[in-house]
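Working notes, structure below.
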Amino acid sequence: MQRAINQKDELIQINEANVQHPYYCPSCGAICIIKQGDKKRHHFAHKQNTSCQSGEGATHRLVKKELYDWISKTDRASSEFYFPELKQRADIYVPKMNHIIEYQESHLQTKVLKERMVGYRSLGKTVTWLTSVPKYKGGTLYLSQLQIFL
């Protein structure tokens, strides 16, 4: 992950991180360490194995970047905006419209989705959820549980 939370509950970019300070996963709150090797891009990683799904795939990053670039043509937007009250980061936040856009490509438990929606709504935010394209095979449309829920 490229961002983690510091002791002041601020979202810090990997290139601003100080190895002397502790950092925490913005998704699950677990302790993170700084990885600054020569082979891979510098990043934060969970200190211990966890079931956290904070890692983003290439498609997620691309969709998020395209959305951010498109929205930024007409409005000020923030990518990976952190809401400390919720200990949650949104893919895209458009402050002027008080609107959040989340792109969900991988599996997300319905319970977690509901918690995020309740949290965002408790802050008075509106949310648009985007998902990957449903699968279509042999004349049948297959929806994920997330797509069915939404």
Side-chain angles (χ1 to χ4, degrees), residues 1-18 21-35 41-136 140-150:
M1 69 190 92
Q2 294 298 299
R3 297 178 177 102
I5 305 299
N6 67 10
Q7 286 183 308
K8 296 178 184 175
D9 219 17
E10 301 167 320
L11 194 61
I12 303 298
Q13 295 275 6
I14 186 65
N15 61 349
E16 300 168 349
N18 181 329
H21 298 128
Y23 294 95
Y24 307 91
C25 174
S27 295
C28 71
I31 296 173
C32 290
I33 56 174
I34 298 171
K35 299 271 191 151
R41 186 169 116 186
H42 293 180
H43 63 282
F44 292 101
H46 289 92
K47 186 172 182 177
Q48 298 177 338
N49 288 341
T50 176
S51 62
C52 179
Q53 298 179 0
S54 67
E56 295 179 350
T59 301
H60 185 98
R61 285 191 301 273
L62 177 64
V63 169
K64 190 168 57 178
K65 180 186 179 321
E66 292 295 324
L67 283 168
Y68 174 81
D69 291 347
W70 181 67
I71 293 167
S72 294
K73 290 178 182 178
T74 57
D75 286 301
R76 187 173 64 84
S78 296
S79 178
E80 295 297 313
F81 188 88
Y82 182 67
F83 292 94
E85 311 92 319
L86 305 174
K87 297 192 182 314
Q88 177 66 41
R89 60 188 164 97
D91 285 336
I92 307 287
Y93 176 52
V94 185
K96 181 179 173 183
M97 299 175 68
N98 209 23
H99 194 85
I100 292 167
I101 300 172
E102 290 281 9
Y103 175 67
Q104 192 63 39
E105 181 183 12
S106 60
H107 172 73
L108 182 67
Q109 294 177 343
T110 304
K111 175 186 168 198
V112 174
L113 175 67
K114 287 179 183 177
E115 288 171 358
R116 288 185 188 176
M117 290 171 64
V118 168
Y120 289 146
R121 287 180 183 152
S122 75
L123 299 177
K125 312 296 181 208
T126 57
V127 184
T128 298
W129 287 87
L130 305 173
T131 65
S132 56
V133 176
K135 296 189 182 359
Y136 187 79
T140 304
L141 182 65
Y142 294 91
L143 298 175
S144 70
Q145 289 298 314
L146 174 66
Q147 290 163 332
I148 292 168
F149 178 79
L150 291 173

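Here, residue 1 is the first one in the sequence, and each next residue gets the next number.
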- request: Check whether any side-chain heavy atom of His99 sits under 4.5 Å from a side-chain heavy atom of Thr128, and report yes or no.
  value: yes

- request: Apply side-chain contact (heavy atoms from CB on, under 4.5 Å) to Phe44 and Ile33, showing your working.
  value: CA-CA 6 Å; Phe44 292 101; Ile33 56 174; over 6 Å; no

message: I'd like to know if the side chain of His43 and the backbone of Arg41 have a donor-acceptor N/O pair within less than 3.5 Å.
response: yes

field: Listed partners of Asn98 passing side chain to side chain donor-acceptor pair (under 3.5 Å), at least two apart
entry: Tyr93, Lys125

query: Less than 4.5 Å apart, any side-chain heavy atom of Trp129 and any of Gln104?
result: yes

field: Within-4.5 Å side-chain heavy-atom neighbours: Ser79 and Lys64
entry: yes

- prompt: Tell me, do Gln13 and His42 make a side-chain contact under 4.5 Å, heavy atoms counted?
  reply: no

query: Taking all non-hydrogen atoms of both residues, which atom of Tyr24 and which atom of Cys32 are closest, and how far apart?
result: C-SG, 3.8 Å

task: Quick one: list whatever passes side chain to side chain donor-acceptor pair (under 3.5 Å) with Tyr23, sequence neighbours left out.
output: none

query: Does the side chain of Ile71 reach to within under 4.5 Å of the side chain of Ile92, using non-hydrogen atoms?
result: yes

- line: Tyr82 meets the side chain to side chain donor-acceptor pair (under 3.5 Å) criterion, sequence neighbours left out, with Asp9

Side-chain donor-acceptor pair present, Tyr120, Glu102, cut-off under 3.5 Å: yes

query: Looking only at atom types and distance, does a side-chain atom of Ser72 sit under 3.5 Å from a main-chain N or O of Asp69, one as donor and one as acceptor?
result: no

- request: Might you work through the side-chain contact (heavy atoms from CB on, under 4.5 Å) test for Ile31 and His46, ending with a clear yes or no?
  value: CA-CA 6 Å; Ile31 296 173; His46 289 92; over 6 Å; no

- line: Value for CD1 (Ile34) from CG (Asn18), rounded to nearest 0.5 Å, stands at 7.0 Å

message: To the nearest 0.5 Å, what is the distance between CG on Asp75 and CE on Met97?
response: 6.5 Å

query: Does the side chain of Leu67 reach to within under 4.5 Å of the side chain of Leu130, using non-hydrogen atoms?
result: yes

message: What I'd like to find out is whether the side chain of Ile12 reaches to under 4.5 Å of the side chain of Ile5, using heavy atoms alone.
response: no

message: Let's go through Ser122 and Leu86 carefully: what are the C-alpha distance in whole Å and the side-chain angles of both, what is the deciding distance for side-chain contact (heavy atoms from CB on, under 4.5 Å) to 0.1 Å, and is it a yes or a no?
response: CA-CA 9 Å; Ser122 75; Leu86 305 174; 4.2 Å; yes

task: Report yes if some heavy atom in the side chain of Thr126 is under 4.5 Å from a heavy atom in the side chain of Ile100; otherwise report no.
output: no

message: Please find the pair of heavy atoms, one from Ile101 and one from Asp91, that lie closest to each other, and give the distance.
response: O-CB, 3.3 Å

task: Apply side-chain contact (heavy atoms from CB on, under 4.5 Å) to Met117 and Val127, showing your working.
output: CA-CA 7 Å; Met117 290 171 64; Val127 184; 5.6 Å; no

message: Within this structure, what is the CD-CZ distance for the pair Glu16 and Arg3, rounded to the nearest 0.5 Å?
response: 9.0 Å

